[in-house]
Amino acid sequence: MQKNIHPDYRPVVFRDRSAGTAFLTNSTRSSERTVAWEDGREYPVIDMEVSAASHPFWTGRAGVVDTAGRVERFRRRYADKIVTAHRATA
């Protein structure tokens, strides 16, 4: 590994504001803000919009999309326009 070309790799706290959770891990990301962690030390903190703690897929709150119903609604709404366009090109 070459010296002095790689970013600084250090402990950083990632905080999910919407879920109210945080985790400490190593990262090359930097931040001017710091937070006191459970061990009493100060670490840089990076706020996130979404993490596994708040994403609907991982929390089980994901809604099921009714694609068949949407397709049928589209066909009913535009059925006459699709047939007319098809006849005009044929």
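Atom set for the values below is all heavy atoms of this structure, side chains included, hydrogens, waters and symmetry mates excluded.
Clustering of Ile, Leu, Val, Met, Phe, Trp and Tyr side chains at separations under 4.5 Å places F14 together with V12, F23, I46, M48. Grouping Ile, Leu, Val, Met, Phe, Trp and Tyr residues whose side-chain heavy atoms lie under 4.5 Å apart, directly or via other members, leaves I5 alone, with no other cluster members.
Shown here for L24 and P11, the closest heavy-atom pair between the two residues is CD1-CB, 4.0 Å. In plain terms, the two heavy atoms of Q2 and H6 that are nearest each other are O-CD2, 3.3 Å.
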Going by atom type alone, with no hydrogens or angles, which donor-acceptor pairs under 3.5 Å involve a side-chain atom of residues 31-41 and a protein atom two or more places apart or on another chain?
unit_1	atom_1	unit_2	atom_2	d
S31	OG	R33	N	3.2
S31	OG	V45	O	2.8
R33	NH1	D47	OD2	3.2
R33	NH2	D47	OD2	3.2
T34	OG1	E42	OE1	3.0
D39	OD1	R41	N	3.0
D39	OD2	Y43	OH	2.8
R41	NH1	Y43	OH	3.4

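D8 is linked by a salt bridge (charged side-chain N to carboxylate O under 4.0 Å, His left out) to R10, counting only residues two or more places apart in sequence or in another chain.
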